[in-house]
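What follows is a single structure, written as structure tokens, with notes after it.
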Amino acid sequence: MGYALFAQRKIVLDGELNCLELQQTQRSNEQYNLATQTLSLQQQLTSMSSSQSGELADLYEQLSSADGTDERDSINAEINAKEAEYEQELDAINNEIYEVSVKENAIEMEVKQLDTEVTAVQSQLEAVEEAEADGIDRATPNYRGLG
């Protein structure tokens, strides 16, 4: 391979390597953002569960001190409605967490693939550089003893 071809191949491989490394950085940023989103959703879930428990505890306390059947029926209906509402809210957040997790897994697979590609391109680049160095060493005359 001529020196110009070595140089050209190195430029192409450097470009590929830079592109792959940029993609890795972008995917790492996406992973970070998704992890942050998951954490936020989990905190929201915890906070919501805590506030819902408090609201339901208040309703159960009202139920225990209710005087008449109509009042108890009304409070029971409110408890049932709140529990159904809370279940829907919790399911929605859990679904969001699941969707984010699926995205995270897909990006993780992409990152692993990019790691493999980066390693392959780095190996190719090293091989070209070694071949170039070997070619230069063979082409350079030995000037020992001159001078």
Side-chain angles (χ1 to χ4, degrees), residues 1-65 73-147:
M1 198 182 296
Y3 299 115
L5 291 175
F6 279 120
Q8 182 182 17
R9 184 68 182 143
K10 280 174 41 177
I11 289 170
V12 169
L13 290 171
D14 278 334
E16 284 181 44
L17 189 58
N18 288 337
C19 182
L20 289 169
E21 288 172 343
L22 176 62
Q23 288 175 354
Q24 280 181 313
T25 300
Q26 290 170 335
R27 293 302 181 258
S28 293
N29 288 340
E30 287 178 45
Q31 279 182 307
Y32 174 79
N33 290 336
L34 289 170
T36 302
Q37 186 178 356
T38 298
L39 180 61
S40 175
L41 287 168
Q42 289 171 340
Q43 288 172 341
Q44 184 180 352
L45 191 63
T46 301
S47 175
M48 184 181 292
S49 294
S50 177
S51 69
Q52 291 171 352
S53 295
E55 289 178 30
L56 286 174
D58 289 345
L59 286 171
Y60 281 113
E61 187 177 320
Q62 289 175 21
L63 183 62
S64 68
S65 62
D73 289 345
S74 173
I75 294 171
N76 271 327
E78 189 175 352
I79 288 172
N80 290 337
K82 288 285 185 189
E83 286 176 342
E85 175 187 334
Y86 296 159
E87 188 174 325
Q88 286 178 340
E89 290 172 1
L90 294 175
D91 284 347
I93 292 174
N94 280 324
N95 285 337
E96 266 188 87
I97 290 172
Y98 174 77
E99 289 171 10
V100 170
S101 175
V102 168
K103 288 177 189 176
E104 279 182 296
N105 290 339
I107 289 174
E108 185 176 336
M109 295 300 287
E110 284 183 52
V111 167
K112 286 179 182 177
Q113 178 63 34
L114 287 170
D115 288 344
T116 302
E117 290 177 34
V118 165
T119 301
V121 171
Q122 286 172 333
S123 294
Q124 289 176 27
L125 186 57
E126 288 172 11
V128 168
E129 289 171 347
E130 287 174 13
E132 180 184 36
D134 289 345
I136 289 172
D137 288 344
R138 281 194 304 267
T140 305
N142 189 346
Y143 292 108
R144 278 184 263 166
L146 293 177

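The heavy-atom pair separating I75 from L59 by the smallest distance is CG2-O, 3.5 Å. Among all heavy-atom pairs drawn from I107 and L34, the shortest one is CD1-CD1, 3.5 Å. Minimum interatomic distance between L56 and Y86 (heavy atoms only, all atoms of both residues): CG-CE1, 3.9 Å. Considering all non-hydrogen atoms of both residues, Y60 and I79 come closest at OH-CG2, 3.5 Å.
Atom CD of E61 sits in a sparse spot, with 12 or fewer heavy atoms from other residues, nucleotides or ligands closer than 6.0 Å. For M48, the CE atom counts as densely surrounded, since its 6.0 Å shell holds more than 12 non-hydrogen atoms of other residues, nucleotides or ligands.
Side-chain atoms of S40 do not come within 3.5 Å of backbone N or O of T36 as any donor-acceptor pair. The backbone N or O of S47 sits nowhere less than 3.5 Å from a side-chain atom of S50 that would complete a donor-acceptor pair. Formation of a donor-acceptor pair under 3.5 Å by the S53 side chain with backbone atoms of S49 is found in this model.
Rounding to the nearest 0.5 angstrom, the gap separating the CD1 atom in I97 from the CD atom in Q44 is 8.5 Å. For the atom pair CD (Q23) and CD (E110), the distance works out to 8.5 Å, reported to the nearest 0.5 Å. With values rounded to the nearest 0.5 angstrom, S101 atom OG is found 11.5 Å from N94 atom CG. Interatomic distance, I11 CD1 to L125 CG, rounded to the nearest 0.5 Å: 11.0 Å.
The shortest distance between side-chain heavy atoms of R9 and Q124 falls below 4.5 Å. Q37 has its side chain out of reach of N33: every pair of non-hydrogen atoms, C-beta onward, lies at least 4.5 Å apart. Side-chain contact between Q42 and T38 is present, with heavy atoms from C-beta onward closer than 4.5 Å. Residues Q26 and L22 have side chains in contact (heavy-atom distance under 4.5 Å, counting atoms from C-beta outward).
For the pair E108 and K112, the salt-bridge criterion is met [side-chain N within less than 4.0 Å of a carboxylate O].
Side-chain polar atoms of Q52 and E89 form a donor-acceptor pair below 3.5 angstrom. Under 3.5 Å, the side chains of Q122 and E126 contain no donor-acceptor pair of N or O atoms.
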